[in-house]
Amino acid sequence: RRRFPALVGAAAVAAAPFFAYNWVTFHDLGGGYSVVFKTTLGGNEAFFRHPLLPGLAGLLVSPGKGILVFAPVFLFLAGLASRRVRLTDRDRLLAGCLAVGLGAQMALFAKTDWRGGYSYGPRFLTDALPLLVWLLAPVVAVLEGAGRRLFVAAGLFGVGVQLVGAFCYPQGLSDVRSDVWRPQDAPFLVE
């Protein structure tokens, strides 16, 4: 409690130049995206108008944008429920907090246009990748035999998909001509 004012003060000092720039340049503390959001996208009501469950499905399993399609190693996160995965109480608390945060992030993005505009793969979930990898580590540690081989195969597939994105996107124009729900229109096939 004693350090809270210092924490708030340090954050205010760090944020002040950005707020000043946003105010001088855009006349809005939120910056340029805030102006676009309010004027072009119709504000909160229009921006968050999309249904939750189809958005979650799109973020996870859409052939064009789903994270489990572009990085199938994250299917192994289901192994966190296994009794073989041993976490300390502290790690279990952290994993729970991360899972709640990831769930909130996914719910937020699911209510927007979850496709994320012109981009290769699951644009909205790229910030979550370090957290997902951290959650995946204890599962990988207990994999053996066929499970480990499946994990390696899923990892190699994901690397191949990302190589296509890194070296071929957007030459095939997958953003323009693709349906994110048609498997044959998956960007890594189109590109």
Side-chain angles (χ1 to χ4, degrees), residues 1-12 14-15 18 33 44 47-48 50-117 119-166 180-181 186-188:
R1 291 182 186 163
R2 288 188 341 244
R3 296 181 185 171
F4 185 73
L7 176 70
V8 171
F18 298 100
Y33 281 123
N44 288 344
F47 191 69
F48 295 109
H50 301 279
L52 178 67
L53 293 179
L56 286 173
L59 287 170
L60 294 173
V61 297
S62 161
K65 299 289 182 177
I67 194 162
L68 297 176
V69 176
F70 281 76
V73 293
F74 295 123
L75 288 166
F76 287 82
L77 284 171
L80 277 173
S82 169
R83 290 184 179 158
R84 293 183 55 214
V85 174
R86 302 270 188 233
L87 296 174
T88 66
D89 288 342
R90 185 175 167 195
D91 287 345
R92 190 174 314 286
L93 176 64
L94 179 58
C97 290
L98 289 176
V100 168
L102 289 167
Q105 181 181 12
M106 289 178 58
L108 174 75
F109 291 139
K111 289 291 292 173
T112 68
D113 185 359
W114 55 268
R115 296 171 297 174
S119 65
Y120 184 82
R123 175 178 169 223
F124 282 155
L125 295 181
T126 55
D127 292 346
L129 290 177
L131 303 177
L132 292 170
V133 169
W134 188 90
L135 288 170
L136 191 60
V139 176
V140 175
V142 299
L143 289 176
E144 298 173 346
R148 187 169 290 253
R149 287 190 292 279
L150 280 171
F151 181 83
V152 168
L156 290 173
F157 175 81
V159 167
V161 166
Q162 294 309 316
L163 285 172
V164 171
V180 294
W181 284 107
F188 49 89

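- Here the side chains of W114 and P54 are not in contact, with every heavy-atom distance at 4.5 Å or above.
- Using modelled atom types, one side-chain atom of K111 and one backbone atom of H50 make a donor-acceptor pair closer than 3.5 Å.
- At least one side-chain heavy atom of V85 sits under 4.5 Å from a side-chain heavy atom of L87.
- Counting heavy atoms from C-beta outward, L98 and L94 have side chains that approach closer than 4.5 Å.
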Side chain to side chain contact (heavy atoms under 4.5 Å, CB included) assessment of V73 paired with L75: CA-CA 5 Å; V73 293; L75 288 166; over 6 Å; no
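- With sequence neighbours left out, W134 forms a ring pair (Phe, Tyr, Trp, His ring centres under 6.0 Å) with no residue at all.
- Two rings, from F188 and Y120, have their centers 6.0 Å or more apart.
- Of the inter-residue distances, the one linking L68 atom CG with S62 atom OG reads 11.0 Å to the nearest 0.5 angstrom.
- Closest approach of G66 to P122, counting heavy atoms only: C-CB, 4.4 Å.
- Closest non-hydrogen pair, A186 versus P63, comes out as CB-O, 3.4 Å.
- Considering only heavy atoms from C-beta on, S119 comes within 4.5 Å of K65 through its side chain.
- Contact of the L60 side chain with the V69 side chain is not registered, since no non-hydrogen atoms from C-beta on lie closer than 4.5 Å.
- Between F124 and F109, the angle of the ring planes stays under 30°, which puts this pair in the parallel group of the 30/60° scheme.
- A donor-acceptor pair under 3.5 Å is formed between the side chain of R84 and the backbone N or O of V142.
- The distance from atom CD of Q105 to atom CG of L131, rounded to the nearest 0.5 Å, is 8.0 Å.
- The CZ atom of F76 lies 14.5 Å from the CG atom of L132; values are rounded to the nearest 0.5 Å.
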Residues L156, F151; criterion side chain to side chain contact (heavy atoms under 4.5 Å, CB included); working and verdict: CA-CA 9 Å; L156 290 173; F151 181 83; over 6 Å; no
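- Put simply, the side chain of I67 reaches to within 4.5 Å of the side chain of L129, judged on heavy atoms.
- Partners of R148 by side-chain contact (heavy atoms from CB on, under 4.5 Å), not counting sequence neighbours, listed by chain and number: L143.
- Residues P72 and A154 come closest through the heavy atom pair CG-O, 3.6 Å.
- Note: L56 CG to L59 CG = 6.5 Å, rounded to the nearest 0.5 Å.
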Derivation of the side chain to side chain contact (heavy atoms under 4.5 Å, CB included) call for R149 and V152: CA-CA 5 Å; R149 287 190 292 279; V152 168; 5.7 Å; no
